[in-house]
Amino acid sequence: MASLLDAYQLVHDGVVALSVVERNGMRIDVEYCKGKIDWLDWKIAQAERRLKATQLYYAWDARYGSKLKYSSAPQLRSVLYADLHVKPFKQTEGGEESADEESLRQTGVEGIDHLLKMRKYKKVQDFLRGFLRYEIDGRIHPSYMLHTVTTYRSSSSSPNMQNVPKRDAEAMEICRRAIVPSLGCQILEIDFSGIEVAISAVYHKDPSMIRYLKDPTSDMHADTALDLFMLQGLNTKLKDMPGGPTLRQASKNGFVFPQFYGDYYITCAFNVACNWLKLPQTRDWRAGDGIKFNGAPIAGHLVSRGIEALSDYEEHVRKVENNFWGRRFPVYKRWRDSWHRDYQRTGGFEMLTGFRCFGVFGRNQVTNYPVQGTAFHCLLWTLIQLVNRTRGWRSKVIGEIHDSVLFDAHPDEVAELVALTKQVAEVELAKNWKWIIVPMRVESSVSKIDGSWASMRTVE
DNA sequence: GGAACTCGCCAC
DNA sequence: AAACGTGGCGAGTTCC
């Protein structure tokens, strides 16, 4: 196990390496940004024109007139929850009625769609404006900090390059198109696959989790999906069936990962029902036209198995949760309990990388911090090696996003960079830290020559 | 007029 | 027992 001095050395070397990354900076397409910002102005104005013909705008204008601000949550709250007598869907942290996207969609008020469009395009515009704000000679030089985060992860600012849209296809395309390689070069991104799950295993050492990680033919998310959607007994692999990949994704993002972070069955059931099964407000499963499996709505299948309302599904997910922790990953569960008990006794804990956390933390924080921190330290160690061993290359490390490294890569060096990163991350890392007892894997994707960060294809 | 706070929302 | 972890940032708002 690593000492406190080892932890210090990692931060020291990390700061030095990241200073090189900052100096390298990344090229942005200034003319593209300017043109797109204007286009977004037009899109925002278009959405505003449409909003102005709706019930929502009518009520908003009636109360606020010339003081109306589309981005004011307090104004929107008054209009919706006082004037239009909408029933609040949930509260904010500060105890107010929420006006976030989820709550707004629940209201069913005419005009909400246009307001959300305005919000979205404004948000995208802010990213492009942020790039231009920090542009010098066609490049930006985002800062990377190692001293700001409780878990000893990194953070990024000025601009923050660690939260550029990816999930929403349109927002992703618009924002990432702005990030381009040096002339004649390519953007190369290499990321650890599933590193937080792997790192959790080096702490809890749950044998069935380790089996999943070591056996590439096994699939934890698919197996859990069978429980979640009552599909046990299939004779074909879930992934190979129509709708199977979607069910697997629902299981992964709606149940497995939230459970690892400390979520519980009530919210998991609700989110799976709303986001994947498309459970309508009537709470009638049959009315849903959500994801299909083998051509039929999965909601219909669940109805045929006696799940007729959300409360039935909650009860089912409670059993899935009990099975998940009690039968599938009991050792993981026991680790969380004992890790938390030790924290309660001592007031702190130490990561395998030597970093120490002392303070007042909740249970989920205590069990999540070591995983999140240690996973990042694997990336940081790799990045340090890459920066130091590519000195004098035409390719440069230009960024880092918690479990991935970004290069501005010369075409002649792409293959070498991929090979070097694989060697460092998949072989040398585990030699440096003997406690890495599960396989580490990286995946690479690359843009075309002179192509932007928006169009990345997998490297075989 | 600026500091501090809340809210909403993007990433991993 | 507790109930999804970590950030940065823009905008609005409140406080001094």
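Protein chains get the first letters and strands the later ones, always in sequence-line order, with residue 1 at the start of each.
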Exercise for the section: Have a look at K120(A) and say if it touches a base, only the backbone sugar-phosphate, or nothing, with a 4.0 Å heavy-atom cut-off. Expected result: nothing
Handout entry: Proximal nucleotide (of dC10(B), dC12(B), dG5(C)) relative to the K166(A) side chain
Key = dC12(B)
Practice task
State which of dG8(B), dC4(C), dC9(C) makes the closest approach to the side chain of S98(A).
Solution key: dG8(B)
Exercise for the section: Could you work out which one of dC7(B), dG8(B), dT6(C) sits closest to the side chain of T151(A)? Expected result: dT6(C)
Exercise for the section: Give, for atom OG of S251(A) and atom CG of D227(A), the distance between the pair rounded to the nearest 0.5 Å. Expected result: 8.5 Å
Completion exercise
SG (C357(A)) and CZ (F349(A)) are apart, to the nearest 0.5 Å, by 4.0 Å
Practice task
Counting heavy atoms from C-beta on, name the nucleotide in dG7(C), dG12(C), dA3(C) closest to the side chain of Y264(A).
Solution key: dA3(C)
Practice task
With DNA chain C as reference, determine whether T267(A) or S156(A) sits nearer its 5' end, using the nearest nucleotide of each.
Solution key: T267(A)
Practice task
Please answer whether the main-chain N or O of Y261(A) pairs with a side-chain N or O of N368(A) as donor and acceptor at a distance below 3.5 Å.
Solution key: yes
Problem - Flag if over 12 foreign heavy atoms under 6.0 Å of OH, Y58(A) - result: no
Handout entry: Rounded distance in Å between the C1' positions of dC4(C) and dC9(B)
Key = 16 Å
Exercise for the section: Can you figure out which of dT13(C), dA11(B), dC9(C) approaches the side chain of N163(A) most closely? Expected result: dA11(B)
Practice task
Look at Q365(A) and dT6(C) and indicate whether a side-chain polar atom (N or O) is within less than 4.0 Å of OP1 or OP2.
Solution key: yes
Handout entry: N160(A), nearest nucleotide to its side chain (from dC12(B), dA11(B), dC9(C))
Key = dC9(C)
Practice task
Taking only the side-chain heavy atoms of S155(A) (C-beta and beyond), determine which of dT13(C), dG8(C), dG5(C) contains the nearest atom.
Solution key: dG8(C)
Practice task
Please work out if S404(A) contacts a base, only the sugar-phosphate, or nothing of the nucleic acid, heavy-atom cut-off 4.0 Å.
Solution key: nothing
Practice task
Would you mind telling me which of dG8(C), dA11(C), dG8(B) lies closest to the side-chain atoms of T148(A)?
Solution key: dG8(C)
Exercise for the section: Would you indicate, yes or no, if dC7(B) has its OP1 or OP2 atom less than 4.0 angstrom from a side-chain nitrogen or oxygen of T92(A)? Expected result: yes
Problem - Sugar-phosphate, base or nothing in reach of E196(A), heavy atoms under 4.0 Å - result: nothing
Exercise for the section: Check every strand shown and say whether R341(A) touches a base, only sugar-phosphate, or nothing at a heavy-atom separation below 4.0 Å. Expected result: nothing
Handout entry: Among dC12(B), dG5(C), dG10(C), the nucleotide that comes nearest once only the side chain of H402(A) is considered
Key = dC12(B)
Handout entry: Separation of atom CH2 in W339(A) from atom C1' in dG5(C), rounded to whole Å
Key = 15 Å
Exercise for the section: Using a cut-off of 6.0 Å, state whether more than 12 heavy atoms not belonging to Y8(A) lie near its atom OH. Expected result: no
Problem - Side-chain N or O of K122(A) closer than 4.0 Å to phosphate OP1/OP2 of dA11(C) - result: yes
Practice task
Assign E96(A) to base, sugar-phosphate, or nothing according to its heavy-atom contacts below 4.0 angstrom with the strands shown.
Solution key: sugar-phosphate
Exercise for the section: State, to 0.1 Å, how close E400(A) and L379(A) come at their nearest heavy-atom pair, and which atoms those are. Expected result: CG-CD1, 3.2 Å
Exercise for the section: Considering just the side-chain nitrogens and oxygens of S71(A), establish if one lies under 4.0 Å of OP1 or OP2 belonging to dG12(C). Expected result: yes
Fill in the blank from the handout: note: R363(A), atom CZ; dC4(C), atom P; distance rounded to Å ~ 13 Å
Practice task
Ignoring the backbone of P165(A), work out which of dC10(B), dT6(C), dC7(B) is nearest its side chain.
Solution key: dC10(B)
Problem - K123(A) NZ to dG8(B) C1', straight-line distance once rounded to whole Å - result: 7 Å
Exercise for the section: Evaluate the side chain to side chain donor-acceptor pair (under 3.5 Å) criterion for residues E97(A) and Q91(A): first the C-alpha distance (whole Å), next the side-chain angles of each, then the deciding distance (0.1 Å), finally the verdict. Expected result: CA-CA 5 Å; E97(A) 303 103 326; Q91(A) 310 264 103; over 6 Å; no
Practice task
Could you tell me whether the side chain of R119(A) has a donor or acceptor atom within less than 3.5 Å of a complementary atom in the base of dC9(B)?
Solution key: no
Practice task
Classify the side chain of Q372(A) versus the base of dG5(C) as yes if they form a donor-acceptor pair under 3.5 Å and no if they do not.
Solution key: yes
Problem - Sugar-phosphate, base or nothing in reach of A99(A), heavy atoms under 4.0 Å - result: sugar-phosphate
Practice task
Could you tell me whether the phosphate oxygens of dA3(C), OP1 or OP2, come under 4.0 Å of any side-chain nitrogen or oxygen in Y265(A)?
Solution key: no
